[in-house]
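Atom set for the values below is all heavy atoms of this structure, side chains included, hydrogens, waters and symmetry mates excluded.
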Amino acid sequence: MTDIATRYLACWNAEPAERSRLVEETFTPTVRYVDPMADVAGHDGLSATISAVRQQFPDLAFHQIGQSDHHHHLTRFAWGLGPAGGEPVIEGFDVVTTADDGRVESVLGFLDRVPAQ
């Protein structure tokens, strides 16, 4: 389970053609994703959310901040969205639950730092 954050963030950083494959490999078909700005279900809903974020921030990438923490079927990790090698402009953390096959079945996302509007 230590690589769940790596696989998860790879989906958010992938180009559209690769993203579809990664989402199917990483998330269950009935995944539910909830954060302050989205509440979606399924691969299509999650892919649309990722696409919208990537369109809004095309030159930024997601990376993990610190180590993930895991117990039972739960993993939490912090992430940043920013320029490669630079300071993140957005930071948050996600708590994911995984199914028995290791794929993510739910995501609860929190935003810790966002740019001033």
Side-chain angles (χ1 to χ4, degrees):
M1 299 314 294
T2 57
D3 72 336
I4 194 69
T6 300
R7 292 186 294 130
Y8 174 94
L9 293 173
C11 293
W12 285 84
N13 288 325
E15 294 298 320
E18 184 184 14
R19 184 180 310 134
S20 179
R21 177 185 62 79
L22 289 174
V23 165
E24 288 181 16
E25 291 176 0
T26 305
F27 298 90
T28 64
T30 57
V31 63
R32 177 144 184 237
Y33 176 90
V34 180
D35 73 15
M37 299 165 37
D39 185 347
V40 298
H43 289 164
D44 290 343
L46 178 59
S47 291
T49 299
I50 293 171
S51 292
V53 171
R54 300 306 312 157
Q55 287 174 4
Q56 187 174 3
F57 303 103
D59 298 325
L60 305 181
F62 286 91
H63 65 276
Q64 187 171 346
I65 299 172
Q67 299 295 314
S68 35
D69 185 24
H70 173 79
H71 65 83
H72 298 87
H73 286 274
L74 299 168
T75 302
R76 69 176 174 164
F77 56 91
W79 51 264
L81 176 64
E87 183 71 22
V89 295
I90 300 173
E91 292 181 357
F93 79 91
D94 290 350
V95 176
V96 302
T97 61
T98 50
D100 289 336
D101 67 1
R103 292 190 294 170
V104 175
E105 61 185 359
S106 70
V107 179
L108 302 174
F110 296 85
L111 299 175
D112 295 322
R113 183 171 63 134
V114 296
Q117 299 262 355

Margin query: With no hydrogens and no angle check, just 3.5 Å: does a side-chain donor-acceptor pair link Thr97 and Ser106?
Written below: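 On atom types as modelled, these side chains qualify, holding a pair under 3.5 Å.
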Could you tell me which non-hydrogen atom of [X] sits nearest to which non-hydrogen atom of [Y], and how far apart they are?
{"X": "His63", "Y": "Pro88", "value": "CE1-CG, 3.8 Å"}
{"X": "His43", "Y": "Phe27", "value": "NE2-O, 2.8 Å"}
{"X": "Ile4", "Y": "Gly102", "value": "CD1-O, 3.7 Å"}
{"X": "Trp79", "Y": "Asp94", "value": "NE1-OD1, 3.2 Å"}
{"X": "Glu87", "Y": "Glu91", "value": "OE2-OE2, 4.2 Å"}
{"X": "Ala99", "Y": "Glu105", "value": "CB-OE1, 3.8 Å"}

Given the rule that I, L, V, M, F, W and Y join up when any side-chain heavy atoms are under 4.5 Å apart, are [X] and [Y] in one cluster?
{"X": "Leu46", "Y": "Val34", "answer": "no"}
{"X": "Phe57", "Y": "Met37", "answer": "yes"}
{"X": "Val114", "Y": "Val89", "answer": "yes"}
{"X": "Phe93", "Y": "Val31", "answer": "no"}
{"X": "Val107", "Y": "Val40", "answer": "yes"}

Is it the case that atom [atom1] in [X] sees more than 12 heavy atoms from other parts of the structure closer than 6.0 Å?
{"X": "Arg54", "atom1": "CZ", "answer": "yes"}
{"X": "Asp44", "atom1": "CG", "answer": "no"}
{"X": "Arg103", "atom1": "CZ", "answer": "yes"}

Checklist line | Note, Trp12 side chain near Leu22 side chain (heavy atom, < 4.5 Å) | finding: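 The answer is no, as the side chains (C-beta and beyond) never meet within the 4.5 Å cut-off.
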Notebook entry, point to check: Between OG1 of Thr98 and NE2 of His73, what distance do you get to the nearest 0.5 Å?
Noted result: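 Here the rounded value is 5.5 Å.
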Next item on the list: Hey, could you give me the CG/OG1 distance between Leu9 and Thr26, rounded to the nearest 0.5 Å?
Entry: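 With rounding to 0.5 Å, CG (Leu9) is 10.5 Å from OG1 (Thr26).
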Note to self: One pair to check against side chain to side chain contact (heavy atoms under 4.5 Å, CB included): Leu111 and Ile90. What are the steps and the verdict?
What the structure shows: CA-CA 8 Å; Leu111 299 175; Ile90 300 173; 4.3 Å; yes
Checklist line | Ala14 backbone acceptor or donor facing Arg19 side chain under 3.5 Å | finding: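 The answer is yes, because a donor-acceptor pair under 3.5 Å joins these two groups.
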Next item on the list: Step by step, work out the side chain to side chain contact (heavy atoms under 4.5 Å, CB included) result for Phe77 and Tyr8.
Entry: CA-CA 10 Å; Phe77 56 91; Tyr8 174 94; 3.4 Å; yes
Check: So does Glu24 pair up with Arg21, basic N to acidic O under 4.0 Å?
Finding: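 No, this pair does not count.
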